[in-house]
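For reference, the structure discussed in these notes is given below.
In this chain, numbering begins with 1 at the start of the sequence shown.
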Amino acid sequence: MPAFATGFLGIFSLLALLLFYLASSDTAENLSPQGCRMSWMSPSYVQQANFNTSWSPLARRYSLWLYREVGWDSARFRRGSLPVLFIPGNAGSSHQTILLSPFVISPTFHGRSLEPLDFFADNYHGTSMGGVVATSLLPSNNISAIITMSTPHTLPPARFDSRIDRLYDKLQSTLEEDPTPIISICGGATDMMIPSESCVLPRTSKDVFRRTVFTSALEGAWTGVGHREMVWCHQVRNSSSRAVVLDKWLRDGHSLPPTLEQHGEFDISDPSKPETLSAGQKLILKQPRDSKRYLLPVQGDSSTDAPQKITVLVSQGSIWSVGPENQIPLQVSIFRCTGPTSTSVECTALKPDTLKLIPSPVLGKSFPVPHEGSDESEGVVLYESHVPRVNGQHWIGIKVDGADGRGWKIVILNTFLLALLMGPLSVSVPVNAGLSNSFTFPNLLSHTLVVYRVITHRYAMPSCSDALLPPLLMHTSHPAETHYFPLTNFHNQRTLLHTHLAAPLIDQTRHFSSFLNLTIVSSAEPECQQEFTKFDIAIDWSATLGRWASRYLHTLVSWAAGVASIVVFLAWAQIDEGAPMPTVGQSLTRYGHMMLRHFLPGSLIFSLVPLPESLYLGNKGLLFLAPIAPLILCIASGLVCVVWWVLLLLLTEHHPFSLIICLMIFVFVPWQVAYLGCWLLHLHTCASSMRHQASVDPRSKIEAVPLVRRRRESAEAQDEVLLTSRERRPSDVRDVKRDNINHNMHLLLLMTWLLPLTAPVLAVWVRTLLTAGYTTPFDGDHNFLAVLPFLILVDFASWTPGPLFEKTRFEKRIPLHWLFAVMAGTAFIYGSRKPYLVLDVARVAMWIIVICKIGRRYWGGSPWTGGSDSA
């Protein structure tokens, strides 16, 4: 039975994993729901046969296809066409070119004659992500622009190979220097395959075009999009097509359009004189039918510090060429006018501070609508501009053109409200404050690992059912990310505020600062405003724990390997002091007591040190996030105990190990199967030893290693070992067997937690073999020196009749058990960002141990000079 400490850790880790699983399982549904329509097309693909082995000896693994739409195109190239290449991602296919719709390849698009485009798609069996592949081709004069989808630009999603890190280092230099325009489209929290903070392009000091667009802010989409759904989501495809064909970059409302097209001038000489409104009057036009002009007076008290802001909302129409894709003819223009009277004013266009298309959720329906999302004709144009107070006559001119009885418009001029709130509290919404109210929370942490919940005091708000635009919450955390939430929540959905910057392991100095800003936009009907006067903000712990779970999987595996290293370190330190080699259970119990007394407080204190983002947990000493470290340490320690219990079950049962080894080698050949084979061989050795020991002494609870004679060992060395064994007392022989068994069990535990660091690459190679063929060459890591020390160690442990390790004389000054402390330190410090370093350090440590503590005995020689004590 496990001791109390190890039993508590094991049970705690299992319960904690269950809790984190439940917290993260509904993240995509509650944190950022998805609303996408399926894209449809009539595709055909023409393989380019000239792309053959004359280009590359690996051409059989790759293919290039020309995309054609049935009924639109012929199979030939268009004369003077421009090529567009679609590169699929991991486990992707060239048939995922749903991005390319019939109206994109049409010779006319949105009424414009365009140069013909030829779309190509490559098909390859590899592990690289399409956006990473495209960026790695830079610099290139043949690439005009790159649009990436759900591509992790700054942080590799699988960080188990140093070559991936070197590739990403090169990509960071490319993103900083190369002049090729790059746009990154990110799916947000709905993307469960990559953390979307790695999708954000870093800022650059060079004059190059870099743009990050979250689909939750993408005009016309306003939805989170999953990793696989990104290629077929109609709303995203539609916006991307316009960007490719019309050179119109994707709009998310965080910046003004590159060109503002004003519709005419505010001409007061027109026979129909403008209508003059009273000061503070709200202009509401429902279903306007006539083109008209309005003048709204501006209060001219320049002694008042509070600025004024004009807010305009237009449904289905446009302001300064910004509107829904399928917009109605309604056009609104805003002017700044000066003059003594309304009949003698001079007007100039009033440029906006904010001009964006925002969603208009349908009352009684979820937002976004599942499996449907937003329609191209939906959306409300939001216009905001600050108006300075000046002495003298000052007017705001409103011009309405193209009115045909559809849509609506609201104009209001009011004092600008920006509330700076200093902590988690109840927020009061001023009555009659205008169409939009902004709140900034400088003391609330805006971070990927923290999720807040907005709680309204009333959910349905029946008085808002007839509002033109019911209260809509707009959460902006940095200049690339915005989320929208309807506050008239008939379905009682949680309104969860989250961001993807700042984030662990991401260099924040290369990105915009993160903040928590809320803007409430509504049509400001008095009855609706009276119902919505207050809301609360609090941490949503379920969603927060879910974010922790999704960000620290690599850390958990690396730290578990570090815990196993500490267990071996403690065991070796004990025998260096002259005590017998403890069992794994005894070492785990000793570790459990030390963890509770020393390691947990130490991990908490170390979390407060402002280390660089690439070290430890990557949180730069944030106090609120400091408890994550001891929590991960507890779970990692408990999992080490649980895995040991599982190994004991495997070791005490009869299993067809030969069949398992053959099957695993067959599946995973050719990549790094040697390490997996080493682990299986050592597992077999330990299992055989337990059965052998049980048959010799049924009362013994000691796990024993079978004494298998090595065939290639010289006869002289065998006689020497046998003679030495005869001269030993029975108690000495039992001590040697006991120590060997315990050594093997500790090594098995450590090797088990090093195995996950290689498993992801094995899985990738399995797919390569299954898709590309078993004889296909793969440019992988075939460095046999990386696995050779493990092979020697487990092979020697399977047959040696003497001590597994011999202590050398220099170990009195430099004990080798400190190698495991170095492994543990590497796992805790670098494991989150560079988990492959744990395996690299383990290889070096095993080489030193094999050379110093096994040495010439492996080929039948004698121990090193000066070594007489068994370790």
Side-chain angles (χ1 to χ4, degrees), residues 9 13 17 155-156 158-162 164-165 504-505 548-549 551-573 584 587-588 590-592 594-595 598-607 609 611-619 626 628-644 675 679 746-761 786 789-790 816-849:
L9 284 175
S13 66
L17 286 180
L155 188 67
R159 303 184 285 275
F160 296 104
D161 197 316
S162 59
I164 294 294
D165 237 18
L505 308 177
W548 293 3
R551 266 55 182 183
Y552 286 117
L553 292 177
H554 293 83
T555 305
L556 182 61
V557 173
S558 299
W559 282 29
V563 170
S565 302
I566 293 179
V567 172
V568 180
F569 166 80
L570 295 175
W572 283 39
V584 175
S587 298
L588 286 174
R590 184 183 178 190
Y591 166 80
M594 294 186 65
M595 187 206 69
H598 305 292
F599 297 151
L600 282 183
S603 65
L604 179 63
I605 295 174
F606 200 56
S607 297
V609 180
L611 299 172
E613 292 87 352
S614 60
L615 301 181
Y616 204 46
L617 296 183
N619 291 327
I628 296 178
L631 179 60
I632 295 178
L633 182 59
C634 280
I635 297 176
S637 303
L639 287 179
V640 171
C641 298
V642 171
V643 168
W644 174 241
Y675 182 81
W679 181 84
H746 283 82
L747 289 174
L748 178 63
L749 180 63
L750 176 60
M751 291 179 64
T752 300
W753 279 106
L754 292 177
L755 190 62
L757 301 180
T758 62
V761 184
F790 295 98
L816 292 184
H817 68 265
W818 284 103
L819 292 172
F820 299 102
V822 174
M823 290 173 56
T826 303
F828 295 135
I829 301 300
Y830 295 98
S832 297
R833 178 59 181 83
K834 300 180 179 181
Y836 60 85
L837 286 180
V838 181
L839 192 56
D840 291 343
V841 174
R843 291 166 180 165
V844 175
M846 289 304 163
W847 266 119
I848 296 175
I849 290 172

Criterion side chain to side chain contact (heavy atoms under 4.5 Å, CB included) on Leu600 and Cys634, from CA distance to verdict: CA-CA 8 Å; Leu600 282 183; Cys634 280; 3.5 Å; yes
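- Nearest heavy-atom pair across Gly638 and Ser13 is C-OG, 3.3 Å.
- Interatomic distance, Leu747 CG to Met846 CE, rounded to the nearest 0.5 Å: 5.5 Å.
- Among all heavy-atom pairs drawn from Ala561 and Leu750, the shortest one is O-CD1, 4.0 Å.
- In this structure the side chain of Leu17 reaches within 4.5 angstrom of the side chain of Leu639, judged on heavy atoms.
- The side-chain heavy atoms of Met595 and Val563, taken from C-beta on, include no pair separated by under 4.5 Å.
- Taking the six-membered ring for Trp and thresholds of 30 and 60 degrees, Trp559 and Phe828 have ring planes more than 60 degrees apart, a perpendicular arrangement.
- Remark: the backbone N or O of Met751 is paired with a side-chain donor or acceptor of Tyr675 at under 3.5 angstrom.
- His554 pairs in a side-chain contact (heavy atoms from CB on, under 4.5 Å) with only one of the listed residues (Arg159, Arg833, Lys834), which is Arg159.
- Side chains of Val844 and Val822 form no contact here, defined as non-hydrogen atoms less than 4.5 Å apart.
- Between Ala824 and Ile566, the shortest heavy-atom contact is CB-CG1, 3.5 Å.
- You'll find the side chain of Leu749 stays beyond 4.5 Å of the side chain of His746, heavy atoms only.
- Side chains of Tyr591 and Val640 form no contact here, defined as non-hydrogen atoms less than 4.5 Å apart.
- The two residues Phe160 and Pro756 have their closest heavy-atom pair at CE2-O, 4.1 Å.
- A distance of 10.5 Å separates CZ in Arg551 from CG in Leu505, rounded to the nearest 0.5 Å.
- Between Val584 and Leu748 there is no side-chain heavy-atom pair separated by less than 4.5 Å.
- A distance of 5.5 Å separates OH in Tyr830 from CG in Leu615, rounded to the nearest 0.5 Å.
- In this structure, OH on Tyr616 lies 10.0 Å from OG1 on Thr555, to the nearest 0.5 angstrom.
- Residues Ile632 and Ile635 have side chains not in contact (no heavy-atom distance under 4.5 Å, counting atoms from C-beta outward).
- Here the straight-line distance linking atom CZ of Phe599 with atom CG of Leu633 works out to 8.5 Å at 0.5 Å rounding.
- Proximity of Ile849 to Trp572: side-chain heavy atoms (C-beta onward) are separated by under 4.5 Å at one or more points.
- If you take CG on Leu556 and CH2 on Trp548, they are separated by 14.5 Å, rounding to the nearest 0.5 Å.
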Evaluation steps, side chain to side chain contact (heavy atoms under 4.5 Å, CB included), between Phe790 and Leu754: CA-CA 11 Å; Phe790 295 98; Leu754 292 177; 4.1 Å; yes
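- The backbone N or O of Ala827 sits nowhere less than 3.5 Å from a side-chain atom of Ser558 that would complete a donor-acceptor pair.
- Atom CZ of Phe569 is surrounded by more than 12 heavy atoms from other residues, nucleotides or ligands within 6.0 Å.
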From CA spacing to verdict: side chain to side chain contact (heavy atoms under 4.5 Å, CB included), Met823, Val568: CA-CA 11 Å; Met823 290 173 56; Val568 180; over 6 Å; no
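- Tyr552 and Leu617 get closest at one heavy-atom pair: OH-O, 3.0 Å.
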